[in-house]
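Report on the following structure.
The figures that follow rest on heavy atoms only: side chains count, while hydrogens, waters and symmetry mates do not.
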2 protein chains.
Amino acid sequence: MTTTGFEGDQIRMAEQRNTSKRAPRKQGTTRRRLSPEDREKEIVSGAIEFFARHGFEATTRHLAHELGITQPLLYRYFPSKEVLVERVYDEVFMQRWRPEWEGLILDRERPLKERLTTFYSAYADAVYDFVWVRIFVFSGLKGIDINGRYLAIIREKVLEPVCRELRHAQGLPDVDRIPLSEEEIELAWNLHGAFFYRAIRRYVYTMPVIASDEQAIANDVSIFVEGARKVQRQLIENGTATVSQREWVQ
Amino acid sequence: MTTTGFEGDQIRMAEQRNTSKRAPRKQGTTRRRLSPEDREKEIVSGAIEFFARHGFEATTRHLAHELGITQPLLYRYFPSKEVLVERVYDEVFMQRWRPEWEGLILDRERPLKERLTTFYSAYADAVYDFVWVRIFVFSGLKGIDINGRYLAIIREKVLEPVCRELRHAQGLPDVDRIPLSEEEIELAWNLHGAFFYRAIRRYVYTMPVIASDEQAIANDVSIFVEGARKVQRQLIENGTATVSQREWVQ
DNA sequence: CATATTATTTATCATATGATCAACAGCGGC
DNA sequence: GCCGCTGTTGATCATATGATAAATAATATG
């Protein structure tokens, strides 16, 4: 009646972990003793996967159980759950942005569609990822400021460049002459949203999503570059992109 | 040292609620006695807002506190937290889809851009909403099946119609002759993703998002209808929309 | 092989949380 | 104005959870 459901599971868990990657333990009862560095790495990578799956409200006991260790051991390596969670944030968010990506958008030697497809494909390699997407959404819901900081980078390194290059591609005035408006930035969010919503469908809604990301991204880009021309031009000329009733008819 | 931090707060909370909408209580100490129907309504609507804000892991004590009632009272109206949460799901998801929306997309008397803008604007009235977006994302992360069921409706009532109407608008063969492929449905997700990601930025990331939804939606639609033509045609003709290297150059 | 070091575990604490029940008190009927 | 019904609360329970400390055992060193 008063069973916690954990006592006997340790051996089972240990065996389970062995099937994945760790050195095989001769007997399920033997204690595994790692160097502090290795243990910490195991805890952090396990915590990342664990919190990505279950959210940050999930318990340290549950995490320890999944790691095949006891709960107090976590406190040998991290003074509190909060610190461990901070570490997970850092590990997932830090250095996730690769500076070389920026160049992919800006290289005017290549046609814009190709550049954007190349960029978003490279970006997808890093970001179409269970851990990344879920941690990002979890922390967003929780109101962590890390989201805002990351999205500021996206704005500076992706959205604004996309607007500038789209202007250049169709011979519109430079941002020096007519600065980017919020409405124009919102256009770039169109592409970015279509791109990232695919990841949300896959990893937040756990829907089966079409296999070829390359293909889908190329289509996103094509739709955007073809479709945004007219809107961007209107936006710059009129200061608004309101489509007159006449224009509905095309 | 052993304080729970709740004892004295009840009066304060009661006062706080009074500022919002409830009948003013002459004395902060008096007990408020409602009819079961009214009390239940208060609890449900309070729970919706509360869980949307804090997630479903948030505690019944915290909820009761915010409602200005004591925690045991919740159990007079709901046998368990789980049942209350179920009720919140039902309340938020049920009858959220308005059948008349479907007609907005299908009315071939009007140009497609106008139809889609009208539809997505109407849909935004219901769905660009703090509670809706966050509950949807929370339940998605939690793996609740309600998401999948809702998205099946979206597919049937929005994505497939959008594909059909886009075909019709540019004289492509009917779905009777060439059925919709997953790739083609993925095109419609482009528009839907751009649309819904705006809500995610606003209510999940809590970013300041541009004011005029009407405007932004009209732009989304314009980009999509203008941009998706070529891709859809290629998709149907070639069975794939792979853009040849030559075509990059436009 | 004996011993010291320390990674890991067992036992435990304080508080938090879902849930229950008897006591209290607002409100309608007489 | 008193009384009974019942909406509401205070007290409490069992378990869960973050955190701590002492006991145990794996590994290195001599």
Side-chain angles (χ1 to χ4, degrees), chain A residues 1-11 13-14 17 22-23 25-43 47 50-51 54-65 67-86, chain B residues 1-11 13-14 17 22-23 25-43 47 50-51 54-65 67-86:
Chain A
M1 218 39 160
T2 318
T3 173
T4 68
F6 278 108
E7 315 89 347
D9 300 350
Q10 201 165 312
I11 296 153
M13 275 314 292
R17 279 201 60 76
R22 267 297 139 189
R25 286 167 58 186
K26 27 228 106 179
Q27 285 300 33
T29 51
T30 340
R31 205 181 261 186
R32 235 177 83 223
R33 192 186 163 106
L34 297 187
S35 74
E37 302 76 44
D38 289 349
R39 179 62 75 193
E40 183 173 320
K41 278 180 199 161
E42 277 213 12
I43 290 177
F50 176 76
F51 287 126
H54 300 106
F56 294 102
E57 321 293 330
T59 73
T60 55
R61 272 180 180 76
H62 198 126
L63 166 60
H65 184 236
L67 283 166
I69 63 177
T70 57
Q71 181 246 6
L73 187 56
L74 295 172
Y75 288 84
R76 172 95 177 183
Y77 293 87
F78 299 91
S80 69
K81 180 183 177 182
E82 194 185 339
V83 170
L84 175 55
V85 167
E86 285 300 327
Chain B
M1 216 39 160
T2 318
T3 173
T4 67
F6 278 108
E7 315 88 347
D9 299 350
Q10 201 164 310
I11 296 152
M13 273 316 292
R17 279 200 58 78
R22 267 296 140 189
R25 288 168 55 186
K26 26 230 106 175
Q27 286 299 33
T29 51
T30 340
R31 205 180 260 187
R32 235 178 83 224
R33 191 186 165 107
L34 297 188
S35 74
E37 302 75 44
D38 288 349
R39 181 60 76 193
E40 183 173 318
K41 279 180 199 160
E42 277 212 13
I43 291 177
F50 177 76
F51 286 126
H54 299 106
F56 294 103
E57 321 293 329
T59 73
T60 55
R61 272 181 181 75
H62 199 120
L63 166 60
H65 184 237
L67 283 166
I69 62 177
T70 57
Q71 181 246 9
L73 188 55
L74 296 173
Y75 288 85
R76 172 92 177 183
Y77 293 88
F78 298 92
S80 71
K81 181 184 178 183
E82 195 186 338
V83 170
L84 175 56
V85 167
E86 286 299 326

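- To the nearest angstrom, C1' of C:dT17 lies 13 Å from CG of B:Leu63.
- Look at A:Tyr75 and you'll find a side-chain N or O under 4.0 angstrom from OP1 or OP2 of D:dA19.
- Taking 3.5 Å as the limit, the base of D:dG18 and the side chain of A:Arg61 contain a donor-acceptor pair of atoms between them.
- A straight line from CG of B:Leu74 to P of D:dG10 spans 14 Å, rounded to a whole angstrom.
- Nearest to the side chain of A:Arg33, among D:dG10, D:dC5, D:dT27, sits D:dT27.
- If you take CD of B:Gln71 and C1' of D:dA14, they are 14 Å apart, rounded to a whole angstrom.
- At D:dG7, one or more side-chain N or O atoms of B:Arg76 fall inside 4.0 Å of OP1 or OP2 (strictly under the cut-off).
- When heavy atoms are screened at a 4.0 angstrom cut-off, B:Arg39 is found touching the sugar-phosphate backbone but no base atom.
- Here the C1' atom of nucleotide D:dT17 and the CG atom of A:Leu84 are 15 Å apart, to the nearest Å.
- Each of B:Pro36 and B:Pro72 was assigned the nucleotide of DNA chain D with the nearest heavy atom; the assignment lying further toward the 5' end belongs to B:Pro36.
- Ring pair B:Phe50/B:His54 is tilted by interplanar angle, where 30° to 60° counts as tilted.
- Between the CD1 atom of A:Ile43 and the C1' atom of C:dT8 there is a distance of 11 Å, given to the nearest Å.
- Among the atoms of the strands shown, none is found under 4.0 Å from any heavy atom of B:Ser35.
- Residue B:Tyr77 places at least one side-chain N or O closer than 4.0 Å to OP1 or OP2 of D:dT8.
- Side-chain atoms of B:Ser80 and B:Glu82 include no donor-acceptor pair closer than 3.5 Å.
- Comparing B:Thr60 and A:Leu73 against DNA chain C, the residue whose closest nucleotide sits nearer the 5' end is A:Leu73.
- The minimum heavy-atom distance linking B:Val85 with B:Phe56 is given by the pair CG1-CD2, 3.6 Å.
- A:Glu40 is not listed as a side-chain neighbour of A:Ile43, based on a closest heavy-atom distance of 4.5 Å or more.
- Atom CG of A:Asp38 is separated from atom C1' of C:dT6 by 15 Å (rounded to the nearest Å).
- If you take NZ of A:Lys81 and C1' of C:dA16, they are 12 Å apart, rounded to a whole angstrom.
- A:Arg39 contributes atom CZ, which lies 9.5 Å from atom CG of A:Leu74 (distance to the nearest 0.5 angstrom).
- Atom pair A:Phe56:CZ and D:dT17:P shows a separation of 17 Å (rounding to whole Å applied).
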